[in-house]
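Reading through the structure tokens given below for one structure.
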Amino acid sequence: MHAKVDQALDWLCPRVCVFCGLASGPDACCPGCRDDLPWIERPCCGCGTPLAPAHPTDRCPGCAAGADDMRIVSALIYAYPVDRLIASAKFRQRLDFAGALGEMLGAYLCGLRGEYALTRPDLIVPVPLHRRRMAARGFNQAEEIAAPVARRLGVPLRADVLRRARDTPEQTSLTGRARRRNITGAFTAPRSLNGLHVAIIDDVWTTGTTARAVARAAQAAGAGAVQVWTVARTVGPRGRSHDP
Ligand SMILES: [Zn+2]
Ligand SMILES: [Zn+2]
């Protein structure tokens with residue numbers, strides 16, 4: 001059904017690449033722009049941080065030491081032009097851009113093979129927005145990104161299993177410690193997650209404070225396993241980050 005509707009829409013209004021504006025076929029971006037994007041080709045299997053080509057194992061030193069119990073996957077490095085697309089989606093209300101970001105994340109997740117292959121979750125849950133902010137903005141960026149991912153993976157999207165109980169300031173305006181103080185206890189779960197495996201979706205992994213707080217709320221509600229998937233992640237000045 002989806003495929004037929006998509007086909008009809010492609011014929012009625014052909015899609016154009018979100019980066020260069022050229023015809024892009026069924027995808028949100030054309031093959032040329034897709035090839036030029038800063039994909040994370042060799043991530044750590046634990047925290048998703050990009051590893052140097054010469055790194056001897058598939059885990060960063062922190063994850064090799066057993067630092068984390070949840071898998072984090074990011075598709076792209078948060079750099080031009082991905083950063084522009086994410087900012088435009090959020091602040092210029094470009095829902096089509098958010099959908100395109102979700103398509104890119106979905107394609108990346110589907111392409112993970114071998115030691116990178118995903119464990120399929122039971123639910124996909126976007127990082128919730130407080131209802132006041134939702135009312136002001138009109139949409140939740142994370143939910144718009146999550147929708148194409150859920151469709152592509154055939155996993156139910158559930159935006160109602162977690163709530164943002166407190167309206168917190170934008171994390172980007174705060175320092176590390178203030179971020180953690182700002183977000184602690186901001187998320188709640190109205191009902192039990194009963195052993196379900198949950199994949200949490202957000203736009204960018206920066207310090208991970210927000211996504212970790214959401215993951216903790218899911219675990220406190222009884223989630224059996226939690227992963228975090230983001231479109232992009234920031235990396236250190238030398239292009240590597242071992243700090244999840
Ligand atoms: Zn293009
Ligand atoms: Zn790692």
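Count residues from 1 along the sequence. In what follows, every heavy atom counts, from backbone to side chain, and hydrogens, waters and symmetry copies are set aside. Note that ligands are numbered from 1 as they come in the structure, with each ligand's atoms numbered from 1 the same way.
In this structure, SG of Cys17 and SG of Cys30 enclose an angle of 120° at the Zn ion (ligand 1), rounded to 10°. Rounding to 10 degrees gives 110° for the angle at the Zn ion (ligand 2) between SG of Cys47 and SG of Cys60. For the pair SG of Cys44 and SG of Cys63, the angle whose vertex sits at the Zn ion (ligand 2) is 100° to 10 degrees.
Here Asp160 pairs with Arg191 in a salt bridge; the nearest charged N to carboxylate O distance falls below 4.0 Å.
Between the side chains of Thr230 and Ser74, a donor-acceptor pair is found at a separation under 3.5 Å.
Looking at residues two or more places apart in sequence or on another chain, you find no salt bridge (charged side-chain N to carboxylate O under 4.0 Å, His left out) involving Arg113. Remark: Thr57 engages His55, Arg59 in a side-chain contact (heavy atoms from CB on, under 4.5 Å) (not counting sequence neighbours).
When distances to the Zn ion (ligand 1) are checked against a cut-off of 2.8 Å, Cys33 contributes an N, O or S atom below that limit.
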